[in-house]
Enquirer: 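This is the structure I want to talk about, given as structure tokens.
The chains referred to below are lettered A, B, ... by the order of the sequence lines, with proteins before strands, and numbering in each begins at 1.
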There are 2 protein chains.
Amino acid sequence: MENNNIIDRCEETCVHNNIVEKVDNNMPEDTILYDLADFFKVFGDCTRIKVLYALFESEMCVCDIAQLLNMNQSAISHQLRVLKQNRLVKYRREGKTVFYSLADSHIKTIFNQGLEHILE
Amino acid sequence: MENNNIIDRCEETCVHNNIVEKVDNNMPEDTILYDLADFFKVFGDCTRIKVLYALFESEMCVCDIAQLLNMNQSAISHQLRVLKQNRLVKYRREGKTVFYSLADSHIKTIFNQGLEHILE
DNA sequence: TAAACATATGAATAATTGTTCATATGTTTA
DNA sequence: TAAACATATGAACAATTATTCATATGTTTA
């Protein structure tokens, strides 16, 4: 006796199978969709957004960013790691100082589209 | 006796004040940056990404989407509410059924930029 | 009007995540 | 080489969030 109670009733009656099938055939691979969501997750934090906006203007060291955002060095460093792992920033070392800068050309387009949307 | 221990040492010595000041002057308003992060947060979930991709192909009812993604009706309905609140989808009622469709023209550009980035 | 059904929603839970604190790493300079 | 310093990182904690379950809302039809 299989228990099918968890399956909503509408699955049997309401579903428009032709539509579902057509859409299903055109969906990108699951791994791509997961990667995409993970990528956008990076933009879903205000600190990271601020860091990226700052780097639009100039390359900056960790301390500079920390002061600009009025946050401590550790928090910024953790977030820079996330940005680095997602290939959104690159860095160069100059003595003790590490300068970060933007590594991606899509960020500005994405931000502008987002801005257009929220300002509409 | 003020306690300044929480302030990292580098704030006093390493910070490049000219850069910080210049960048600070060009930063968008804080409220905009928060709104932007909140907006991108919507794309940071795989279920919502899938729903939006599905709606690229066709308008769909809640049950259709639930079946397509093999999730229950409640989960989909909750996520559609988030998308609705962020003005990314719109809906029309036809009897008992509610059909959802895309409400925004920026989504495709944003997704494509994201795809280009992760496939690079 | 009552039953059937598609969708919406509140509450609870589990999982994820941003920040802080403490400390480690790596570079410079005295 | 030791001290000073900029940055990185692990662990812990607090806050956020996606899903599920139970149930409510709103529409149709018998």
Enquirer: Using the side-chain heavy atoms of B/Cys63, tell me which of these nucleotides is nearest: C/dA6, C/dG10, D/dA6.
Expert: C/dA6

Enquirer: Starting at the 5' end of DNA chain C and moving along, which residue's nearest nucleotide shows up first, A/Ala75 or B/Val98?
Expert: B/Val98

Enquirer: Does the side chain of A/Arg93 get closer than 4.0 angstrom to OP1 or OP2 of D/dT7 through an N or O atom?
Expert: no

Enquirer: Can you tell me the distance, in whole Å, between the CG atom of B/Asn72 and the C1' atom of D/dT23?
Expert: 14 Å

Enquirer: Figure out the NZ/P separation between B/Lys96 and D/dT25, and round it to whole Å.
Expert: 19 Å

Enquirer: Could you tell me which nucleotide pairs with D/dA12 by Watson-Crick or G-U wobble geometry, both distances under 3.5 Å, or answer none if nothing does?
Expert: C/dT19

Enquirer: Could you please name the partner base of C/dA24, counting Watson-Crick and G-U wobble pairs only when both distances are under 3.5 Å?
Expert: D/dT7

Enquirer: Is the shortest heavy-atom distance from the side chain of B/Tyr34 to the side chain of A/Ile49 under 4.5 Å?
Expert: no

Enquirer: Could you tell me the separation between the OH atom of B/Tyr91 and the P atom of C/dA6, rounded to a whole number of Å?
Expert: 19 Å

Enquirer: Toward the 5' end of DNA chain C, which comes first, A/Lys41 or A/His78, by nearest nucleotide?
Expert: A/Lys41

Enquirer: Measure from the side chain of A/Gln73, starting at C-beta and using heavy atoms only, and say which of D/dA8, D/dT9, C/dG10 lies closest.
Expert: D/dA8

Enquirer: Does the C/dT7 base have a donor-acceptor partner in the side chain of B/Thr97 within less than 3.5 Å?
Expert: no

Enquirer: What nucleotide among C/dC21, C/dT19, D/dA18 has an atom nearest to a side-chain atom of B/Thr47?
Expert: D/dA18

Enquirer: Please name the nucleotide paired to D/dT17 by Watson-Crick or G-U wobble geometry with both distances under 3.5 Å, or report none.
Expert: C/dA14

Enquirer: If you compare every side-chain N and O of A/Tyr100 against the phosphate oxygens of D/dA6 (OP1, OP2), does one of them come in below 4.0 Å?
Expert: no

Enquirer: Go ahead and name the base partner of C/dT29; Watson-Crick or wobble counts if both distances stay under 3.5 Å, otherwise write none.
Expert: D/dA2

Enquirer: Report yes if some heavy atom in the side chain of A/Asn26 is under 4.5 Å from a heavy atom in the side chain of A/Lys22; otherwise report no.
Expert: yes

Enquirer: Does a side-chain heavy-atom distance below 4.5 Å link B/Phe39 with A/Phe43?
Expert: no

Enquirer: Between B/His16 (NE2) and D/dT7 (C1'), how many Å, whole number?
Expert: 14 Å

Enquirer: Tell me whether A/Glu120 at atom CD has more than 12 heavy atoms from other residues, nucleotides or ligands lying less than 6.0 Å away.
Expert: yes

Enquirer: Should we say atom CZ of B/Phe56 is surrounded by more than 12 heavy atoms from elsewhere, each under 6.0 Å from it?
Expert: yes

Enquirer: Atom CD of A/Gln85 and atom C1' of C/dT17: how far apart are they, to the nearest Å?
Expert: 13 Å

Enquirer: Can you identify which nucleotide, out of D/dT19, C/dA8, C/dG26, has its nearest atom closest to the B/Lys84 side chain?
Expert: C/dA8

Enquirer: Measure from the side chain of A/Cys14, starting at C-beta and using heavy atoms only, and say which of D/dT19, D/dT20, C/dA6 lies closest.
Expert: C/dA6

Enquirer: If I take atom CG in residue A/Asp38 and atom C1' in nucleotide D/dT17, what distance separates them, rounded to the nearest angstrom?
Expert: 15 Å

Enquirer: Looking at the base of D/dT9, is there any donor atom on it, or on the side chain of A/Ser74, that sits under 3.5 Å from an acceptor on the other one?
Expert: yes

Enquirer: Can you measure A/Ile65 atom CD1 to C/dT19 atom P for me and round it to whole angstrom units?
Expert: 13 Å

Enquirer: Rounded to the nearest Å, what distance is computed from the CE atom of residue A/Met71 to the C1' atom of nucleotide C/dC21?
Expert: 14 Å

Enquirer: Counting only side-chain N and O atoms of B/Arg48, is one of them less than 4.0 Å from OP1 or OP2 of D/dA18?
Expert: yes

Enquirer: Return yes when atom CZ of B/Phe99 has more than 12 non-hydrogen atoms of other residues, nucleotides or ligands closer than 6.0 Å, and no otherwise.
Expert: yes

